[in-house]
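Start at 1 with the first residue, then count along the sequence. This one's a predicted model, so the numbers in the text were calculated from it and none came from an experiment. Whatever order the structure lists ligands and atoms in, that order sets their numbers, starting from 1.
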Amino acid sequence: MRQQWSFSTAGDILFGRNTVRRLGQIVRQLGGQRVLVITDQQLIAAALLDRVRESLEEANVELEAFEGGEPEPRVEAARACIEAARAARPEVIVGLGGGSNIDLAKTAATVLRWGGDPADYFGENKVPGPILPLVAVSTTAGTGSAVSPVAVLTDVERNLKVGISSNYLRPRVALYDPLLTVSCPPKVTAESGIDALTHAIEAYTCIDYHALPVEPDQPVAYSGKFPLADALAERAIQLIGANLRKAFYQGRSLAAREAMHLGALLAGMAFSNAGAAAVHALQYPIGTLTHTSHGLGNGLLLPYVMQHNLPACPQAFADIARWLGEEVEGLSMWEAAQRSVEAVQRLKADIGIPRRLRDIGIAEEQLPAIAQAAFGIERLIRNNPRPLSVEALEGILRRAL
Ligand SMILES: [Fe+2]
């Protein structure tokens, strides 16, 4: 039985309006005179690179930009980014964007420091030591990549997600400026926001750390549920439950954007230690098959997985119902737990996340292969509160179809 837990996150976290103005000074403190900013065309069009440039210029930091970031980035995009980084020879790398750009920045900072190719580091704990200093500037309220140890890429030839997982990938500084999220379009707001909610719910309902079926001294990326992650997840669920609709419908509402950014940060801190579970395991093969975003797939699957897991930890789901604002006074624990599933279904519908797998083009005959692929993602499957088999995963998929 495991008897200890530990907690890791970004080296420093800066939160609040206009924190982006401090970026130049932060890069200087990390010893940077030349910096590579990794971003994409949408963010350049939204003038976010300009905000970063102003701050860097003020601190006399030389800036090169890699502008080829893309959603669900391919390994080829990472290689192009590394090529740009080698030419720019930066001392510090800045990832500006949602999880996709930050994951590219993590990969570039790894390969620039240790050489080789991204594929040399795929898997757990293959990075030998600290990477190039990395600052993550988060422009969506979602993935938690700015505080997480993981970079996820898409292998197009093999049609699967690959990734680097190592505590060395956690950014030195994570910068959360809610003003940078105001221009985020509604669809991205919905999909990244429900991803953050999934992080908090999976962290709060995953297997208890004592019960994680792994030898006590074996290092793990995901440790199972523990008290510090619980506290973070609780606040994250409250914030996201109360603000995601408003951020979606009234994107200019700074209060809603700020609350969502905080919720996504806390959810990221929770799940990047306690871990995710079956929702994320099932999303990876579905995302590669359907070319839908990570957040969309997670949001679609979330209530179905909650329903499956409910018998394993009804009290945790009853807590979630209360935190999502459900009236649970006078209800039994089981009735209250069921309300959490209904609350997520309503939220998902209100922000335009598809209801069923068939809505995103999945057909019944694909389900066995999806279940098989998901079952292979051991760190997520063993973290689920209710033990899973390929048949059980297929059952969840059938109900979601
Ligand atoms: Fe996620």
Do the non-hydrogen side-chain atoms of H210 and M1 ever get within less than 4.5 Å of each other?
yes
Would you kindly say whether K161 and T154 are connected by a side-chain donor-acceptor distance under 3.5 Å?
yes
Between K106 and S145, do the side chains contain an N or O donor and an N or O acceptor separated by less than 3.5 Å?
yes
Identify whether the distance between the nearest side-chain nitrogen and carboxylate oxygen of R322 and E326 falls below 4.0 Å.
no
Sorted by chain and number, protein N/O/S atoms nearer to the Fe ion (ligand 1) than 2.8 Å are D195 OD1, H199 NE2, H280 NE2, H294 NE2
T189 versus R257, side-chain donor and acceptor atoms under 3.5 Å:
yes
Assess the side chains of D177 and N18: does a donor N or O sit below 3.5 Å from an acceptor N or O?
no
